[in-house]
Structure formats: C-alpha cells, structure tokens
Amino acid sequence: MKNIAVIGAGTMGNGIAHTFAQKGFNVHLIDISEASLERGLNTIAKNLDRMVAKEKITEADKLETLNNITTFTSIAEGVKTSDLVVEAATENVDLKLKIFEQLDEACDENTILATNTSSISITQIAAATSRPTKVIGMHFMNPVPIMKLVEIIRGYNTSDEVTNTIMELSKALDKVPVEVNDYPGFVANRILMPMLNESIETLYNGVAGVAEIDTVMKLGMAHPMGPLQLADFIGLDVCLSILNVMYEGFKNPKYAPCPLLVNMVRAGKLGVKSGEGFYDYSSSKKAEVVASQFLK
C-alpha cells in the first residue's frame, strides 16, 4: 500500500495527509476548493517548519514530505490510482454518503475506503457502496501529526483482512490503533462528548464559571486542558453534530445537547475557529480570556 487519497483539506484532512506524506506515502489531497487546498498545504508547511525548528525533522525531510503531496479538485482524478482513500469531510451524514457513492464508482474494486468520521455509523456509510467489506473507520485525533491514537471502527460487514490491513498501516504511521465496534460515538466520543456537554450544563445552570470549571478538571482530574477549552478547540458545531448523532442513535436523553451549546452554535460562537466560544480568541489562540458573555 503506497498510494493514499485524502478527501478534505481542512483541519483533519491536512493533518492526515501530512502524516502519511511524512512516512513516505504518495498522497493525493482532494478538495472541491482550490483555496481550501492552498490553506491546507500552508498549514502542513507551517507545522513542518515547527518540527524543523524543534529539530525533530530536517529541512530535507520537510521538502520531501511536501513533495509527496499532490492536490486535486476532482475526486475521480484524485482517487484513480489509490490503494486507500481516507474521507475527512464535514461531519454530515448526507455529504459522506454522497462522497462514498462517488468513491465506489471512481475507485478500483480493490481500493479500501476509510472514513475519519468521529460518530457516524460505518455500516450506514458502507451501505452506500457495493463494497461494504472494504469500508472501515479510521478516526484520527486532532492534531493528527502529534496524537498517537487511531480508532479503527469495523462496520457490520468490514472484513478481517481489511481490518488487519488498516491496523498494520496505522502502526506504520507510528500510531496506536485500537479496534472498536460500530456504535454511535464509538469509544472516544461516546465518553468525551457527554463530559463536555455536562460541563456546558454546569455552566448553564450557574454552578460555576468558565475558568472555574476548567480549573477543577485540570487540577482535580489531571486533564491537560479543561472541558470548555477542549470544546472550543474541537469546535462547538462539531460537538453539537456528534451529540445529535449520538442522541438520534441511542434515543437516550443523556446525549441531548445542552440548550446553551445549541444557542452558541446558532449565534456563530464556535470556539477557536470563529474567534470566540467559551473563551475570547481575538488576541490569542490560547484560552486565556473568558468570553464577555460569561463574565460575572
């Protein structure tokens, strides 16, 4: 397996492309927007520059990694020679189903189709193709070049051969793959998202302020960042989307999104990417200033 296609040049997509390219794979990075592809490549270059500055890689390593990436705006052209396609588009069921229908038509019958979805059913996605045995979940963590974990999610029909191939491939990326079964939220988000949602409920109910909630979890539970800061980092729209998938999948009220989260997303307060969430990021990307609406 040498040729990898990645669908989507956003945060997860460019991170996945970076990781494969740095390990010597030929990567086709695909997005419908030339501007998104340019931003994605610029992000990869900046992240590589940081690694050079920290002496983790050489300048030659950086150039080789960038040379391993070719960009495309056409899915059909970009996946033509791929051994594996990793879809990392927006967390939207209809969009993913449409992409996998296209991939099924455009790819060789032996190509493995993977999705980086963090919550959507692999079995449902696989049903949009004629190759459900060759469809699997590869849920990378953000930031992809740094985080070791990859959740490997088997759909109902995913074959042992494909699962073993993707497990070994993940190890070749210096990742730690963990095999899980196909239920809403898988393991990571099934545990994480209710915690983030409960943290938002705690704020919504006036139990404590933003900084106080995050401080309790950082100092009391040894979390590297507080849950509200983490929600901002992930993106409040992404958190809401995952919670909605889990709520629909389980029909259990414990997964129902907090009304405060819903309203913040409606208001465009999405966290780091919009400049404001629970914290104000207008002056710094660090969670140092609590957003004005949450100040006492």
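Of the N and O atoms on the side chains of Ser282 and Asp280, at least one donor lies less than 3.5 Å from an acceptor on the other residue. For the residue pair Arg39 and Asn42, no side-chain donor N or O sits within less than 3.5 Å of a side-chain acceptor on the partner. Residues Asp214 and Tyr279 have side chains that bring a donor and an acceptor to within less than 3.5 angstrom of each other. For the 3.5 Å distance criterion, the side chains of Glu87 and Thr115 qualify, holding a donor opposite an acceptor. Side-chain polar atoms of Asn189 and Ser119 form no donor-acceptor pair below 3.5 angstrom.
Of all non-hydrogen atoms in Thr19 and Lys175, the two that sit nearest each other are CG2-CE, 3.8 Å. Here the closest heavy-atom approach between residue Lys134 and residue Val162 is recorded as CA-CG2, 3.9 Å. A pairwise comparison of heavy atoms in Leu29 and Gly8 identifies CD1-O, 3.6 Å as the closest pair. For Cys239 against Leu196, the heavy-atom pair with the smallest separation is SG-CD1, 4.1 Å. Nearest heavy-atom pair, Lys218 versus Met225, reported as atom, atom and distance to 0.1 Å: CG-C, 3.7 Å. Considering every non-hydrogen atom in both Lys273 and Gly235, the closest pair reads CE-CA, 4.1 Å.
Phe25 and Phe20 have perpendicular rings, their planes meeting at more than 60° on a 0 to 90° scale where under 30° would count as parallel.
By the 4.5 Å heavy-atom criterion applied to side chains, Asn252 and Lys254 are counted as neighbours. The closest side-chain heavy-atom distance from Lys286 to Gln229 is not below 4.5 Å. Under the 4.5 Å side-chain criterion, counting only non-hydrogen atoms from C-beta, Arg131 is in contact with Thr111. Between Leu84 and Ile166, the closest side-chain pair of non-hydrogen atoms falls below 4.5 Å. Under the 4.5 Å side-chain criterion, counting only non-hydrogen atoms from C-beta, Thr73 is in contact with Leu37. At a threshold of 4.5 Å between non-hydrogen side-chain atoms, the residues Lys96 and Thr90 do not count as touching. Annotation: side chain of Pro194 is in contact with side chain of Met246 (closest heavy-atom distance under 4.5 Å). Looking only at side-chain heavy atoms (C-beta outward), Gln22 and Leu173 stay at 4.5 Å or farther from each other.
In this structure, CD in Glu64 is found 8.5 Å from OG1 in Thr58, a value given to the nearest 0.5 Å. Within the model, atoms OG of Ser274 and CG of Leu236 stand 7.5 Å from one another, a figure rounded to the nearest 0.5 Å. Expressed to the nearest 0.5 Å, how far CD1 of Ile4 lies from OG1 of Thr81 amounts to 10.0 Å. We find the OG1-CG distance between Thr129 and Leu97 to be 10.5 Å, quoted to the nearest 0.5 Å. In this structure, the separation between CD on Glu179 and CD1 on Ile152 is 8.5 Å, given to the nearest 0.5 Å. Atom CG of residue Leu260 and atom CD of residue Glu201 lie 8.5 Å apart, to the nearest 0.5 angstrom.
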(Q) Set out, in order, the CA-CA distance, both residues' side-chain angles and the distance that settles side-chain contact (heavy atoms from CB on, under 4.5 Å) for Leu243 and Leu261, then state yes or no. (A) CA-CA 10 Å; Leu243 283 164; Leu261 174 62; 3.6 Å; yes
Q: With side-chain contact (heavy atoms from CB on, under 4.5 Å) as the test, would you mind laying out the steps for Val144 and His18 before giving the verdict?
A: CA-CA 8 Å; Val144 181; His18 171 165; over 6 Å; no
Q.
Does Phe72 form a side-chain contact (heavy atoms from CB on, under 4.5 Å) with Lys80? I'd like the steps, not just the answer.
A. CA-CA 11 Å; Phe72 293 82; Lys80 196 175 290 184; over 6 Å; no
Q: Step by step, work out the side-chain contact (heavy atoms from CB on, under 4.5 Å) result for Val27 and Val6.
A: CA-CA 7 Å; Val27 178; Val6 179; 4.2 Å; yes
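Linking Ile, Leu, Val, Met, Phe, Trp and Tyr whenever their side-chain heavy atoms come within less than 4.5 Å leaves Met12 and Met141 in two separate clusters. Ile153 and Ile242 sit in two unconnected hydrophobic clusters of ILVMFWY residues. Membership requires side-chain heavy atoms under 4.5 Å apart, directly or through other members. Linking Ile, Leu, Val, Met, Phe, Trp and Tyr residues whenever their side-chain heavy atoms come within less than 4.5 Å leaves Leu240 and Ile191 in two separate clusters. The cluster map of Ile, Leu, Val, Met, Phe, Trp and Tyr, joined by side-chain heavy atoms under 4.5 Å apart, puts Leu66 and Ile16 in the same cluster. Linking ILVMFWY residues whenever their side-chain heavy atoms come closer than 4.5 Å, directly or via other members, leaves Leu192 and Val245 in distinct clusters.
Judged by distance alone, the side chain of Thr158 and the main-chain N or O of Ile136 form no donor-acceptor pair under 3.5 Å. The closest donor-acceptor contact from the side chain of Asn197 to the backbone of Met193 lies at 3.5 Å or more, if one exists at all. Counting only distance, with no hydrogens or angles, the side chain of Glu91 and the backbone of Ser241 share no donor-acceptor pair below 3.5 Å. The main-chain N or O of Gly24 is found under 3.5 Å from a side-chain atom of Lys2 such that the two form a donor-acceptor pair. Of the possible polar contacts, none joining the Ser284 side chain to the Tyr281 backbone as a donor-acceptor pair under 3.5 Å is found. With hydrogens and angles disregarded, a donor-acceptor distance shorter than 3.5 Å links the side chain of Asp83 to the backbone of Asn3. A donor-acceptor contact shorter than 3.5 Å links the side chain of His28 to the backbone of Gly78. In terms of modelled atom types and a separation under 3.5 Å, the side chain of Ser82 and the main chain of Val85 share no donor-acceptor contact. Looking at Asp182, its side chain does come within 3.5 Å of a backbone N or O of Thr123 through a donor-acceptor pair. Judged by distance alone, the side chain of Glu276 and the main-chain N or O of Ala291 form no donor-acceptor pair under 3.5 Å.
More than 12 heavy atoms of other shown residues, nucleotides or ligands fall within 6.0 angstrom of atom CD in Glu59. Heavy atoms from other residues, nucleotides or ligands lying under 6.0 Å from OH of Tyr247 number 12 at most. Counting heavy atoms of neighbouring residues, nucleotides and ligands inside a 6.0 Å radius, atom CD1 of Ile32 does not exceed 12 of them. A 6.0 Å sphere centred on OH of Tyr156 holds no more than 12 heavy atoms belonging to other residues, nucleotides or ligands. At most 12 heavy atoms of other shown residues, nucleotides or ligands fall within 6.0 angstrom of atom CD in Glu105. Heavy atoms from other residues, nucleotides or ligands lying under 6.0 Å from CD of Glu212 number more than 12.
For Lys56 and Asp61, the salt-bridge test fails: no basic side-chain N is under 4.0 Å from an acidic carboxylate O. The residues Asp49 and Lys62 are annotated as salt-bridged, a charged nitrogen and a carboxylate oxygen being separated by less than 4.0 angstrom. Using a 4.0 Å cut-off between charged nitrogen and carboxylate oxygen, Lys171 and Glu168 count as a salt-bridge pair.
Just one residue in the list Asp31, Leu41, Thr71 forms a side chain to side chain contact (heavy atoms under 4.5 Å, CB included) with Ser36, and that residue is Asp31. Looking at Ile122, Val178, Ile120 one by one, the single match for side chain to side chain contact (heavy atoms under 4.5 Å, CB included) with Phe186 turns out to be Ile122. Phe278 pairs with exactly one of Ile213, Leu230, Leu203 by the side chain to side chain contact (heavy atoms under 4.5 Å, CB included) rule, that one being Leu203.
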